[in-house]
Amino acid sequence: MNSNSNIRTKRDITNAFTELLTTKTFSSSITIQDICEKSFVHRSTFYRYYEDKYDLLNKVTTMIATDFFQNVNSNRESLHSFYEQMLNYVEEHKQLFLNLTIKNNNNDVYNELVKITKFRNRN
């Protein structure tokens, strides 16, 4: 497989997973089979890129935090606007954040956001 195909496949898997996270909780509901069906990839293809669904969760969590940081970092007006943007971003992705955090007892996204906030406050 060429590089573009690899990138496209990983994107399809992460997009499918993110979409599933808006309707299901991670730990109790989402299976590898769900992710593969949603992304139209074979199970072996999934395992070519990710060790398990927890590895994918880690990658997606980092991706969400990076996307968030890029969105809020574009406006460096004030600390107040930073927090306002952060709240707006979380509100726009409310169900995703709920399914990733509260409903799973998972603090990964929260911890990433705290890191970003600390970094932003230093600059």
Looking at N15, I30, T25, which hits side-chain contact (heavy atoms from CB on, under 4.5 Å) with L20? I30
Output the distance between atom OG (S5) and atom NZ (K10), rounded to the nearest 0.5 Å. 12.0 Å
If hydrophobic clusters are built by linking Ile, Leu, Val, Met, Phe, Trp and Tyr wherever their side-chain heavy atoms come under 4.5 Å apart, do V41 and I32 end up in the same one? yes
With sequence neighbours left out, write down each residue that passes side chain to side chain contact (heavy atoms under 4.5 Å, CB included) with N88, or none if nothing qualifies. E84
Taking all heavy atoms of R43 and all of Q33, pick out the closest pair and write down the distance. NH1-N, 3.7 Å
Distance in Å, D67 CG paired with T62 OG1, rounded so as to fall on 0.5 Å steps: 12.5 Å
N58 side chain vs D55 backbone, donor-acceptor pair below 3.5 Å: no
Min side-chain heavy-atom separation Y50-T14 under 4.5 Å: yes
Looking at E92, I want to see if its CD is surrounded by more than 12 non-hydrogen atoms of other residues, nucleotides or ligands under 6.0 Å. yes
Crowded around Y47 OH? As in, over 12 foreign heavy atoms under 6.0 Å? yes
Roughly how far, to the nearest 0.5 Å, is CG of L21 from OG of S29? 10.0 Å
Co-membership, hydrophobic cluster, residues M63 and I13, 4.5 Å side-chain: yes
Determine, using the 4.5 Å side-chain heavy-atom cutoff (strictly less than), whether Y54 and L56 are members of one ILVMFWY cluster. yes
Are the side chains of I64 and H93 in touch, meaning some heavy atoms are under 4.5 Å apart? no
Say you draw a straight line from CG of D12 to CD1 of I7; how long is it, rounded to the nearest 0.5 Å? 12.0 Å
Here's one to test your reading of the geometry: is the NZ or CZ of K53 within 45 degrees of the ring axis of F17 and under 6.0 Å from its centre? no
